[in-house]
There are 2 protein chains.
Amino acid sequence: MSEPFDTHLQELRRGTVVLACLQLLRTPGYGYALLEQLERRGFATDANTLYPLLRRLEKQGFLTSEWNTEDSRPRKFYVTSEQGLGLAEILRQEWRALASAIASLHETSTGPSTDEEH
Amino acid sequence: MSEPFDTHLQELRRGTVVLACLQLLRTPGYGYALLEQLERRGFATDANTLYPLLRRLEKQGFLTSEWNTEDSRPRKFYVTSEQGLGLAEILRQEWRALASAIASLHETSTGPSTDEEH
DNA sequence: ACACCATAGTGTGTGAGGCACAGTGTTGTC
DNA sequence: GACAACACTGTGCCTCACACACTATGGTGT
């Protein structure tokens with residue numbers, strides 16, 4: 001019954017997963033392990049969302065990847081690129097801006113029609 | 001050249017616009033004015049994004065609307081519904097959770113491989 | 001009087017992203 | 001030798017953001 005609820009929650013989480021990945025992949029890591037890290041850290045993400053996201057971020061140049069075939073199991077290791085670090089920084093700034101915008105929403109919420117200058 | 005940059009920024013902003021609308025429309029308001037309010041408050045939003053969003057939120061029961069035809073210009077006034085207030089509260093909680101998750105990301109970012117228990 | 005911009009909204013189409021589902025192959029365990 | 005956990009790829013559907021096109025009215029300048 002509350003599908004829209006979940007949808008909006010998901011929308012709120014969207015961009016944060018990107019930021020989390022860029023941050024966590026400053027030290028190399030592969031998809032499956034990252035998935036568990038994200039979950040532990042409060043960014044619950046579907047595998048079917050994360051894998052395409054990683055490929056997309058690589059295609060856009062924010063991550064670089066490399067297959068590790070030395071270990072028992074072949075794993076694709078991703079690392080945040082120079083450009084990715086830049087994006088992470090910008091996203092962090094935007095996050096701070098949004099956080100303060102949201103905080104100020106509540107303060108002024110009791111002052112309804114104080115804006116009549118156009 | 002930086003289209004992906006903007007895309008990711010947009011993604012980060014996504015859910016916050018919903019929260020802002022639900023909060024601001026506790027006192028009735030119409031689309032065009034809301035657009036200016038959002039911009040002033042740091043939630044820059046395209047008109048072609050906001051109008052569909054308002055209709056969507058109404059269809060989902062988070063807003064109710066009413067045409068005002070008494071004034072010079074016909075305007076569609078929206079108000080946050082009971083259900084909308086509930087959603088806003090949940091989104092606020094999620095926002096706080098995400099904020100602390102992101103904050104803790106940076107603290108531990110210098111400890112690379114401290115997670116080897118599955 | 002007429003052009004023109006700001007206001008206020010609707011409708012259509014496209015492209016990107018989330019995620020369900022399906023599939024491939026490997027490693028370890030009982 | 002079956003079966004779950006691991007690790008990843010590929011396809012398809014649905015929703016959302018946004019560009020574009022459109023309708024219609026009020027106010028301002030000339």
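Below, chains carry the letters A, B, ... as their sequence lines are ordered, and counting in each starts from 1. Please read all numbers here as calculations on a predicted model, not as lab measurements.
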Reference residue Y78(B); test side-chain contact (heavy atoms from CB on, under 4.5 Å); the match among L34(B), L63(B), L57(B), L24(B):
L63(B)
Which residues pass the side-chain contact (heavy atoms from CB on, under 4.5 Å) test with A101(B), sequence neighbours left out?
F43(A)
For E11(A), all residues meeting salt bridge (Lys or Arg N to Asp or Glu O under 4.0 Å), sequence neighbours excluded:
R14(B)
Which residues pass the salt bridge (Lys or Arg N to Asp or Glu O under 4.0 Å) test with E94(B), not counting sequence neighbours?
R13(A)
Within a radius of less than 6.0 Å around CD of Q93(B), do more than 12 heavy atoms belonging to other residues, nucleotides or ligands occur?
yes
Measure [atom1]/[X] against [atom2]/[N] and give the value in whole Å, please.
X: Q10(B); N: dT15(D); atom1: CD; atom2: P; value: 20 Å
X: L12(A); N: dT15(D); atom1: CG; atom2: P; value: 20 Å
X: Y30(A); N: dT9(D); atom1: OH; atom2: C1'; value: 17 Å
X: L9(B); N: dA17(D); atom1: CG; atom2: P; value: 15 Å
X: L50(A); N: dT9(D); atom1: CG; atom2: P; value: 11 Å
X: F77(B); N: dG9(C); atom1: CZ; atom2: P; value: 8 Å
X: L35(A); N: dC6(D); atom1: CG; atom2: C1'; value: 11 Å
X: N68(A); N: dC8(D); atom1: CG; atom2: P; value: 10 Å

Salt bridge (charged side-chain N to carboxylate O under 4.0 Å, His left out): pairs with one or both residues in residues 44-71 of chain B, sequence neighbours excluded:
D71(B)-R75(B)
Would you tabulate the pairs of protein nitrogen or oxygen atoms and nucleotide nitrogen or oxygen atoms of nucleotides 26-30 of chain C closer than 3.5 angstrom?
unit_1  : atom_1 : unit_2 : atom_2 : d
dT26(C) : O2     : R73(A) : NH1    : 2.8
dT27(C) : OP1    : S72(A) : O      : 2.8
dT27(C) : O4'    : R73(A) : NH2    : 3.2

Would you list the protein and nucleotides 13-17 of chain C atom pairs, both N or O, that sit under 3.5 Å from each other?
none

Is there a side-chain contact between C21(A) and T80(A) (heavy atoms, below 4.5 Å)?
no
Within this structure, what is the CG-CD1 distance for the pair L98(B) and I102(B), rounded to the nearest 0.5 Å?
6.0 Å
Mind checking ring-ring contact (aromatic ring centres under 6.0 Å, His included) for F62(B) and listing every partner two or more places apart, or none if nothing turns up?
F5(A), H8(A)
Can you run down the ring pair (Phe, Tyr, Trp, His ring centres under 6.0 Å) pairs that involve residues 81-104 of chain A, sequence neighbours left out, and say none if there aren't any?
W95(A)-W95(B)
Quick one: list whatever passes side-chain hydrogen bond (donor to acceptor under 3.5 Å, both in side chains) with E89(B), sequence neighbours left out.
R92(B)
Dump every N/O contact between nucleotides 10-12 of chain C and the protein below 3.5 Å, one line per pair.
unit_1  : atom_1 : unit_2 : atom_2 : d
dT10(C) : OP1    : K76(B) : NZ     : 3.0
dT10(C) : OP2    : R55(B) : NE     : 3.3

